[in-house]
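Structure first, then comments.
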Protein chains: 2
Amino acid sequence: MRDRIGRGTGDTNGVRSVVELPVMKPITIKDVAERAGVSPKTVSRVINGEAHVRPEIRESVARVVAEMNYRPNAFARGLSSSRAFLVGLFFDDPASGYAATIQRGAIEQARALGQHIVIEAITFKRSDWRERLVDSLHALRLGGAILTSPICDRADLLDIFEQHDVPVVRIAPGAELDRTPQVRMDDRDAARVVTEHLLALGHRDIAFVRGNPTHSATERRWQGFADAMSAAGLTPPPERIVQGDFRFRSGFDVAEALFDRGSRPSAVFASNDEMALGVMVAAMSRQIAVPRAVSIVGFDDAEIARMAWPQLTTIRQPNHAMGAQAVDLVIQQQAAGGAGNPCRILPYELVIRGSSAPYAAT
Amino acid sequence: MRDRIGRGTGDTNGVRSVVELPVMKPITIKDVAERAGVSPKTVSRVINGEAHVRPEIRESVARVVAEMNYRPNAFARGLSSSRAFLVGLFFDDPASGYAATIQRGAIEQARALGQHIVIEAITFKRSDWRERLVDSLHALRLGGAILTSPICDRADLLDIFEQHDVPVVRIAPGAELDRTPQVRMDDRDAARVVTEHLLALGHRDIAFVRGNPTHSATERRWQGFADAMSAAGLTPPPERIVQGDFRFRSGFDVAEALFDRGSRPSAVFASNDEMALGVMVAAMSRQIAVPRAVSIVGFDDAEIARMAWPQLTTIRQPNHAMGAQAVDLVIQQQAAGGAGNPCRILPYELVIRGSSAPYAAT
DNA sequence: TCGTATGTTGACATCGATGTCGGCTTCGAT
DNA sequence: ATCGAAGCCGACATCGATGTCAACATACGA
């Protein structure tokens, strides 16, 4: 019975489970100031590129800074100026490949801007996710937050960030569209383009595997598919539209409805690569040749798209760029004070590989 | 240098919407102290679970803390106590699936310990990687660092952390083995076990695809393979040992040496799943049936191992657990004051799937 | 030439917490 | 009853930077 305080779960309340970690002894701004023969404030001015410093002094201070290899302490900075140097990257599932590429883009851009990325997982399954999030916001004083799909569509989540005055940039959001700046690609248009690719190959009987309904991209991709089909004067029957959840397994499972009942479609468009692979594996296990007997296309250009055989025709998402742009936006936001909600739309790319081929009558 | 944007005109004042949201002013320890009728120091004591506080007071303060939903500011804490609350996770390539799972484990464990994870990429290709690293160390005041393969084997990197007194825990290092605490699995043993699996299926002519020589696991896995083979009284000829680099493409490429010259091996053990998939795809494109004509096994149990067809027999690495344990160790190491270099060895698992089958004479 | 405007500088307060230390209680042993 | 020792609590300094503001120097216009 150790004494804890407050909040039933109280794990990050700074209470007791926080272990102490000693740190190193650094060079302070005072040391630099002394050696340069000026006041600390002047050094601060030079470091932050502020005006009102004579060029000679600026230069000499800069030299001393370099010589002493001085690095300002970000904590002290954050404390006194309420400026931040951390950007939070929030994921539902940080282990997915999708997330990883975004992450890399974000890290690199953050670095370029002198910021750092803190990764946080939000798990709605835990009933205390709000407390945990608020904990992070308070403790880390985030300068901004980047949210990815699907969590970025929850109004209650956005509320929390808003209440705490943390600027948010969302990547590919699907709801509450005018609430924050965002970075996205045109899913609908891309889906249309892939579908047109299949149509151009001569396919008419095309099945569509929908994604997880909680991701907003699901609807947009479906729309793009529908656009292309109806533009071609086609109306796919209901049994050609099946429901997946973006995971490999679901692609594998829906294949039963697609391949084991009556006539087979000549092509399948799965809303993401994982599901496309699931469909492909299911086809092969039924001795249905890909792409000879059935063409399969995906969406995302995940790493695995190139590791399948045949390799997957798909849409390349600009994940890396989206991560970088998101950081960029969030910092701008921080500086500008939130004028408007810019939306950057990044270009996608149709990647044609071996899994799609001209329609051949059976 | 450009002028910075002043904070003159209220940046949080009604820019966003007509209705002004009250800006949440953070609650300080003073507020709590006042309301509880004690000194800030006493509140601090309660929060940190220090001794010398009367139970009644402790309880009443705790109640106020909970009521006010107070959260200590980590920056201020870090400043005054030179305690840290950030653990750095350093990757060469944060976008790989391997890294992602470790990451998730680390994030969760860090959370549980009241710490946060900062992700940093180290790119040796950039000539200024040292400066960048030192920047991070100074700016972030890391309480600890976790390094993954392959960068964790560079002595010069370790030197930097040592110079800056940042405790390091390495995941699956292969060199400088007694320099830091580490978390690992027994690669050699695991490789032996997979090989024995193939031997038990009746295979005798087994090829081995080596991994990237800069990863130390490459050598250990090779050793395990050699152990099992020689225990079975077998000596694979040199042409059965081929060199890859852990990437899909290399697995695909080495297949030429394996399948297009003279006799074919009846089984292939690739040092990781990606390469195994490469081999598998190459086999299928040559109309060599897997596993009927050739069994293929991998190593890692990457996500893709389940997405191939047939699914890959492989070794499941405890990545998630390794991430969590690494965080655990890095923090413990501090508390303990760096006594010794503990090494935690986590259990692996042989996962038998469809890509390996009993030997069948052709 | 003087009087403003503008530019340059540093002293000092401040951010929000913790470390130190001294004073006051309490308790137990003599 | 008295004397330590230990327990409890708060005043104050401190961490390392930046914000504020006043003092002073210089430039420019009239």
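Every value quoted in this text rests on a predicted model; they were computed, and no experiment measured them. Values below: all heavy atoms of this structure, side chains included; hydrogens, waters and symmetry mates excluded.
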| query | For A:Arg77 and C:dG16, what is the distance between atoms CZ and P respectively, to the nearest whole Å? | reply | 18 Å
| Can you list the residues that meet the salt bridge (Lys or Arg N to Asp or Glu O under 4.0 Å) rule with A:Asp153, with sequence neighbours excluded? | none
| task | State which residues pass side chain to side chain contact (heavy atoms under 4.5 Å, CB included) with A:Ser39; sequence neighbours excluded, sorted by chain then number. | result | A:Lys41, A:Thr42
| Set of side chain to side chain contact (heavy atoms under 4.5 Å, CB included) partners for A:Thr123, sequence neighbours left out | A:Lys125, A:Arg126, B:Arg104
| ring pair (Phe, Tyr, Trp, His ring centres under 6.0 Å) partners for A:Tyr70, two or more places apart | none
| Whole-Å distance separating the CZ atom of A:Phe85 from the C1' atom of D:dA17 | 12 Å
Any protein N or O atoms within reach of nucleotides 25-28 of chain C? Criterion: under 3.5 Å, listing atom names and distances.
none

| message | Once side-chain hydrogen bond (donor to acceptor under 3.5 Å, both in side chains) is applied, do any residues pair with B:Thr180, and if so which ones, sequence neighbours excluded? | response | B:Arg170
| remark: Against the side chain of B:Leu79, the closest entry in C:dA17, C:dG16, D:dA17 is C:dG16
| Atom-pair distance (CG on A:Asn48; C1' on D:dG16), nearest Å | 13 Å
| field | side-chain N/O B:Ser80 vs C:dG16 OP1/OP2, d < 4.0 Å | value | no
| task | Between A:Ile29 and B:Ala51, just flag the one whose closest nucleotide in DNA chain D comes earlier from the 5' side. | result | B:Ala51
| message | Roughly what angle, to 10°, lies between the helix axis at the start of the helix from C:dT1-D:dA30 to C:dT30-D:dA1 and the one at its end, five pairs per end? | response | 40°
| query | What's the CD-C1' distance between A:Glu50 and D:dT18, to the nearest Å? | reply | 8 Å
| request: Tell me, please, which residues at least two apart from B:Phe75 pass ring pair (Phe, Tyr, Trp, His ring centres under 6.0 Å). | output: A:Phe75, A:Phe85
| With sequence neighbours excluded, what pairs up with B:Glu67 under the salt bridge (Lys or Arg N to Asp or Glu O under 4.0 Å) test? | B:Arg35
| message | Can you see whether A:Phe161 has A:Arg179 sitting over its ring - NZ or CZ less than 6.0 Å from the centre and within 45° of the normal? | response | no
Listed pairs, N/O of protein and of nucleotides 9-13 of chain D, under 3.5 Å:
from, atom 1, to, atom 2, distance (Å)
D:dC9, OP1, B:Arg54, NH1, 3.2
D:dC9, OP2, B:Arg54, N, 2.6
D:dG10, OP2, B:Ser39, N, 3.1
D:dG10, OP2, B:Ser39, OG, 3.1
D:dG10, OP2, B:Thr42, OG1, 2.3
D:dG10, N7, B:Arg45, NH1, 3.3
D:dG10, O6, B:Arg45, NH2, 2.5

| message | Quick check: closest heavy atoms across A:Ile160 and A:Leu137, and the distance to 0.1 Å? | response | CG2-CD1, 4.0 Å
| Residues forming a side chain to side chain contact (heavy atoms under 4.5 Å, CB included) with B:Gln163, sequence neighbours excluded | B:Asp159
| note | note: A:Lys30, atom NZ; D:dG16, atom P; distance rounded to Å ~ 9 Å
| message | Tell me every residue that passes side chain to side chain contact (heavy atoms under 4.5 Å, CB included) with A:Ala110, counting only those two or more places apart in sequence or in another chain. | response | A:Gln115, A:Ile117, A:Val327
| query | Is any side-chain nitrogen or oxygen of A:Asn73 closer than 4.0 Å to OP1 or OP2 of D:dC15? | reply | no
| Within the pair A:Tyr70 and D:dG16, is there a side-chain N or O less than 4.0 Å away from OP1 or OP2? | no
